[in-house]
Amino acid sequence: KLEQSLTDCQRRAAAAKAAQEQYRQAAARQTEAHTARDGLERAFLDAQAGLLAQTLEEGTPCPVCGSTHHPAKALLPRTAPTQTQVNAAKRAATEADAAAQEASAAARAALTREQEGRARLRQDAEALLPERFAAPEGKPPVQLTFALMNTVLSEETAALQAARTDCTASLRQAGADCQRKAQLEADRQAHTRQRPALEQQVQEADRTAAA
């Protein structure tokens, strides 16, 4: 049972680690999507400013600020993103947000299952091998690690195998003793059955000797 509990706990720990790695990857993709979206939005807005600046003429009021002087007009970028590209980047960022939230929830659930598995492992360890894992009153509990559990299980398995070998030898000897006892009992019963005839032979011998 302790081996089964350890295996389950190790499986949960591996699943939690994998879920955390998936979240880290999803968070990285989320950051990349936000960066791409922000860059496209900024490029799109810059392009709009450049388009507006192209229509400005010295002495003509600016439709935004009203100034008739335009000393530093915005330049139109050579490769400006389209509104479709900006919208696609926004959708990608939204999807990345949802994926990161989903991965975060999955990692949190996997971590909870791992903690439950570790608690069950400690409970089983203290119940099944109290001499190994039950801490005396007033002392801190034994720090459970997978390495320690594997070492203890190996030692306990070796001890059990040695005990089984001794038990098998004892059973074999006991079987031989039982067979010897049965043979002696059979011999005793045979002698008991032969005793009256032997006593009669002695009596006849005594009478013959007397005669």
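In this chain, numbering begins with 1 at the start of the sequence shown.
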Could you go through residues 142-156 and list every donor-acceptor pair under 3.5 Å that involves a side-chain atom there, pairing it with any protein atom two or more places apart or in another chain?
{"unit_1": "T145", "atom_1": "OG1", "unit_2": "L148", "atom_2": "N", "d": "3.1"}
{"unit_1": "N150", "atom_1": "ND2", "unit_2": "F146", "atom_2": "O", "d": "3.0"}
{"unit_1": "T151", "atom_1": "OG1", "unit_2": "A147", "atom_2": "O", "d": "2.9"}
{"unit_1": "S154", "atom_1": "OG", "unit_2": "N150", "atom_2": "O", "d": "2.9"}
{"unit_1": "E155", "atom_1": "OE1", "unit_2": "R132", "atom_2": "NH1", "d": "2.8"}
{"unit_1": "E155", "atom_1": "OE1", "unit_2": "R132", "atom_2": "NH2", "d": "2.6"}
{"unit_1": "E156", "atom_1": "OE2", "unit_2": "R132", "atom_2": "NE", "d": "3.2"}

N/O donor-acceptor pairs under 3.5 Å from side chains in residues 168-178, not counting sequence neighbours:
{"unit_1": "T168", "atom_1": "OG1", "unit_2": "R164", "atom_2": "O", "d": "2.8"}
{"unit_1": "S170", "atom_1": "OG", "unit_2": "D166", "atom_2": "O", "d": "3.0"}
{"unit_1": "Q173", "atom_1": "NE2", "unit_2": "D177", "atom_2": "OD1", "d": "3.0"}

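Using a distance-only test at 3.5 Å, with no hydrogens or angles considered, a donor-acceptor pair links the side chain of T165 to the main chain of Q161.
Across all non-hydrogen atoms, the minimal contact from Q30 to A96 is CA-CB, 3.7 Å. Taking both residues in full, the closest heavy atoms of A33 and A92 are given as CB-O, 4.1 Å, listed atom of the first, atom of the second, then distance. Residue A93 comes nearest to H34 through the heavy atom pair CB-CD2, 3.8 Å, listed as atom of the first residue, atom of the second, then distance. The two residues A19 and A106 have their closest heavy-atom pair at CB-O, 4.2 Å. S5 and L121 make their closest contact through OG-CA, 3.4 Å (heavy atoms, listed as atom of the first residue, atom of the second, distance).
Rounded to the nearest 0.5 Å, atoms CD (Q4) and NZ (K1) are 6.5 Å apart. Between atom CD of residue Q201 and atom CD of residue E199 there is a gap of 10.5 Å, rounded to the nearest 0.5 Å. Atom CD of Q189 and atom CD of Q194 lie 12.0 Å apart (nearest 0.5 Å). In this structure, CD in E95 is found 12.0 Å from CD in E102, a value given to the nearest 0.5 Å. If you take CZ on R42 and CG on L40, they are separated by 12.0 Å, rounding to the nearest 0.5 Å. Once rounded to the nearest 0.5 Å, the distance linking NZ of K90 with OG1 of T94 reads 9.5 Å.
The shortest side-chain heavy-atom distance between K181 and L184 does not fall under the 4.5 Å cut-off. A heavy-atom distance below 4.5 Å is found between the side chains of R12 and E116. Using a 4.5 Å heavy-atom threshold, the side chains of H191 and R195 count as separate. R11 places a side-chain heavy atom less than 4.5 Å from the side chain of D8. At least one side-chain heavy atom of F44 sits under 4.5 Å from a side-chain heavy atom of Q83. Side-chain contact between Q115 and R118 is absent, with no heavy-atom pair separated by less than 4.5 Å.
Checked for salt-bridge contact, R29 and E32 miss the test: no charged N lies under 4.0 Å from a carboxylate O.
Shown here is E21, whose CD atom has more than 12 heavy atoms of other residues, nucleotides or ligands within 6.0 Å. Shown here is Y23, whose OH atom has no more than 12 heavy atoms of other residues, nucleotides or ligands within 6.0 Å.
Hydrophobic cluster membership of L198, counting Ile, Leu, Val, Met, Phe, Trp and Tyr whose side-chain heavy atoms lie under 4.5 Å apart directly or via other members: none, as it forms a cluster of its own.
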